[in-house]
Amino acid sequence: MAELSRRMRALVQPHLASIEPYDPAFAPCRINLSANENTYPVPEPVRAAIDAALAATPLNRYPDPMANALRDELAAWHGLARENVCVGNGGDELLFNFLFAFTGRGRTLVTCPPDFSEYAFFASLVEAGAVAVPRDPETFAVDGDALVAAAATADAVIITSPNNPTGNLVPLPLIERVCSACPGLVMVDEAYGEFAPAGSSAVPLIARHDNLLVLRTLSKAFGAAGIRLGYVLAAPDVIDVLAAVRQIYSVNVLTQAAATAAVRLRDAYRPVVDQIVVERARMTERMAALAPAGVTVWPSAANFLLVRVPAAAEVRRRLRDEYDILVRDFSATPGLAGCLRLTVGTPEENDALAAALTRLVTTEAKELS
C-alpha cells in the first residue's frame, strides 16, 4: 500500500496509519491456482437452477435482511434451526463481525499461525490483543496443551481446520478441550471442510458447547466465490449478536437467490469434490517425487497443497511469467520459508503446473540457485 499522505495521517485513527490491506498478489494468468477456488464448472443442474432463480428475482426491492429462506436451507442441511445460522457477505464479513463484537481494545484473540492472515489483520482493525500459539515448524500440528492454556484467559480463539495454508486438520477432541477451557468464544473456520474426511467437522459439537461457532463458505467446494456468501453456525444468543452488528442488507438479493439454489442442490457437487480429492492425492504424489530436487509437500485435507521448493519466490515468478501459471507465494511468511501454496485444479491444470514446476526445480535448479 502506498504511504498515507500527511493529511490522511492526521485524519485517520492512529492505529490505522500504517495498516496494510489484504493482498492476494493476483495477476491475470492462463491458469490461476493461487486463490483456492474451485476451478471446475458449476454442475449443470445447479447452474440451470441458479440461472432460473436469478431471472425470477426482482431487483427493485431490498433483500430479506436476514436471508431467512437461505438460513432455513442451511439449517436443514446441518440439522439445526434457523436461529443457529447467520449469513454474511463471504466468510470475511463474518470473521470481522465476530472480532468486532467479541474482541477489541483490552481483549485478547488467540490464533495458531501460520494461518489465514485476515485473522491478524482484522484483529488489528479492532485493536484486539493477539496471542499466537505457533504450530510445529515441521508438521504444522497445533500444540494442544499450549493452545488450551492460552484459551483459558482468552476472549476469543480462532482455530482453522483444515488450516490455510498448511492443509492439516485440528482433532475434534482438542477443539472440545479448547471450548471447555475458554471463558469466551471459539470459532472453528471450516472454509475447506467439504474436502476433508467425513467426521472432521466441528458442527456436531455445537450441541455440547454453547461458546462454539463454526464458519463455513460457498466460495470453495461450491465454486461460488464470486457471489460472496459465508455463514456461521452457533448458539442462538451468539447469532443474535452477529445479526445485530452486521451491515444491513449485506447479502444482496442475487446472492441469496443463487446461494439458496446451490444449497438445495448440494448433492450435485459431490462428484466434483470427490474428483478434487483424487487430484489432490495425485498431485501430492507428483510433488513427493520431487524430493531429490529439494521439494517437500505436506498432507492436506483441503483443496490445496503446501510445498517447499528451492528459490520459491523465483519459482513463483517464473511460473507466472514463463508458463502463465499463478500460484501463491508464502516464502516470506514467518514459519513458511520457501513455501508455495498450490490450488488443486482440474487434471489439465494440475498436469501443466506439475510439468512446469518439475522443470523449474530439476533441469533448471542450478540457474535458480
Side-chain angles (χ1 to χ4, degrees), residues 12-22 86 88 91-137 140-161 163-166 168-191 202 205-206 208-215 230 232-235 237-246 333-336:
V12 75
Q13 292 191 62
H15 75 282
L16 300 178
S18 60
I19 205 155
E20 293 287 340
Y22 177 70
C86 183
D92 303 301
E93 181 193 22
L94 294 162
L95 276 170
F96 178 81
N97 288 351
F98 171 66
L99 296 178
F100 176 71
F102 297 109
T103 67
R105 188 180 303 174
R107 295 191 174 193
T108 301
L109 169 69
V110 172
T111 61
C112 300
D115 54 13
F116 188 34
S117 62
E118 288 290 79
Y119 305 151
F121 176 63
F122 287 158
S124 68
L125 290 183
V126 301
E127 298 184 89
V131 173
V133 179
R135 293 167 178 266
D136 183 278
F140 300 117
V142 173
D143 183 335
D145 291 341
L147 177 57
V148 170
T153 57
D155 297 285
V157 178
I158 298 180
I159 300 170
T160 324
S161 186
N163 186 49
N164 177 20
T166 63
N168 52 322
L169 291 163
V170 176
L172 295 182
L174 176 55
I175 291 173
E176 290 212 77
R177 288 177 62 200
V178 173
C179 289
S180 297
C182 183
L185 296 176
V186 178
M187 173 178 278
V188 178
D189 184 345
E190 293 186 351
L205 304 183
I206 293 171
R208 298 201 295 272
H209 298 279
D210 62 4
N211 63 338
L212 174 63
L213 302 81
V214 177
L215 177 67
V232 162
L233 307 172
D237 55 351
V238 175
I239 297 299
D240 288 344
V241 174
L242 294 176
V245 302
R246 68 199 295 269
T333 301
L336 297 176

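Here the structure is a predicted model, which is why all the values come from computation and not from measurement. Residues take their numbers from the sequence shown, with the count starting at 1.
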### Task
To the nearest 0.5 Å, tell me how far M187 CE sits from L94 CG.
7.0 Å
#### Entry: Nearest non-hydrogen partners of P183 and A152, listed with the distance
CD-O, 3.4 Å
### Task
Starting at CZ of F116, measure out to OG1 of T111 and round the result to the nearest 0.5 Å.
12.5 Å
### Message
Please check this pair: side chain of N97 against backbone of V241, looking for a donor-acceptor N/O pair closer than 3.5 Å.
### Response
no
#### Entry: A123 to L99 - nearest heavy-atom pair and separation
N-CD1, 3.7 Å
## Note on the structure
In short, C86 meets L242 closest at the heavy-atom pair SG-CB, 4.1 Å
### Message
So does A202 get a backbone contact from the side chain of E190, meaning a donor-acceptor N/O pair under 3.5 Å?
### Response
yes
### Message
Taking the side chain as everything from C-beta on, heavy atoms only, tell me whether V232 gets closer than 4.5 Å to F98.
### Response
no
### Message
Using the rule given for side-chain contact (heavy atoms from CB on, under 4.5 Å), can you reason through Q13 versus L125, listing the C-alpha separation, both sets of side-chain angles and the distance that settles it, and then say yes or no?
### Response
CA-CA 10 Å; Q13 292 191 62; L125 290 183; over 6 Å; no
### Task
With side-chain contact (heavy atoms from CB on, under 4.5 Å) as the test, would you mind laying out the steps for T166 and R135 before giving the verdict?
CA-CA 10 Å; T166 63; R135 293 167 178 266; 4.3 Å; yes
### Query
Do V170 and V178 have side-chain heavy atoms sitting under 4.5 Å apart?
no
### Task
Rounded to the nearest 0.5 Å, what's the gap from CD1 on I175 to OG on S180? Could you check?
12.0 Å
### Query
Taking C-beta and beyond as the side chain, do T153 and T108 meet within less than 4.5 Å on heavy atoms?
no
## Note on the structure
Applying side chain to side chain contact (heavy atoms under 4.5 Å, CB included) to T333 and not counting sequence neighbours gives F330, L336
### Query
About how many Å separate CG of L95 and CD1 of I158, when rounded to the nearest 0.5 Å?
5.5 Å
### Query
Do you know the tightest heavy-atom contact between L233 and I206?
O-CD1, 3.5 Å
### Query
A154 and V110: which non-hydrogen atoms are nearest, and at how many Å?
CB-CG2, 3.6 Å
### Task
Would you indicate whether the side-chain heavy atoms of C112 and L147 approach each other to under 4.5 Å?
yes
### Query
Counting distance only, does the side-chain N/O of N168 pair as donor-acceptor with the main-chain N or O of F140 below 3.5 Å?
yes
### Query
Going through the distances and angles, do D189 and Y119 end up as a side-chain contact (heavy atoms from CB on, under 4.5 Å)?
CA-CA 11 Å; D189 184 345; Y119 305 151; 2.7 Å; yes
### Task
Can you see which heavy atom on V188 is nearest to which on S161, and at what distance?
CG1-CB, 4.4 Å
### Task
For the pair D143 and D136, evaluate side-chain contact (heavy atoms from CB on, under 4.5 Å) and give the outcome as yes or no after the intermediate values.
CA-CA 7 Å; D143 183 335; D136 183 278; over 6 Å; no
### Query
Any donor-acceptor pair under 3.5 Å linking the side chain of D155 with the backbone of T103?
no
### Message
Within this structure, what is the CG-OG1 distance for the pair L169 and T160, rounded to the nearest 0.5 Å?
### Response
11.5 Å
### Query
Do the non-hydrogen side-chain atoms of V126 and F96 ever get within less than 4.5 Å of each other?
yes
### Query
Hey, what do you get for CG (L215) to CG (D92), rounding to the nearest 0.5 Å?
8.5 Å
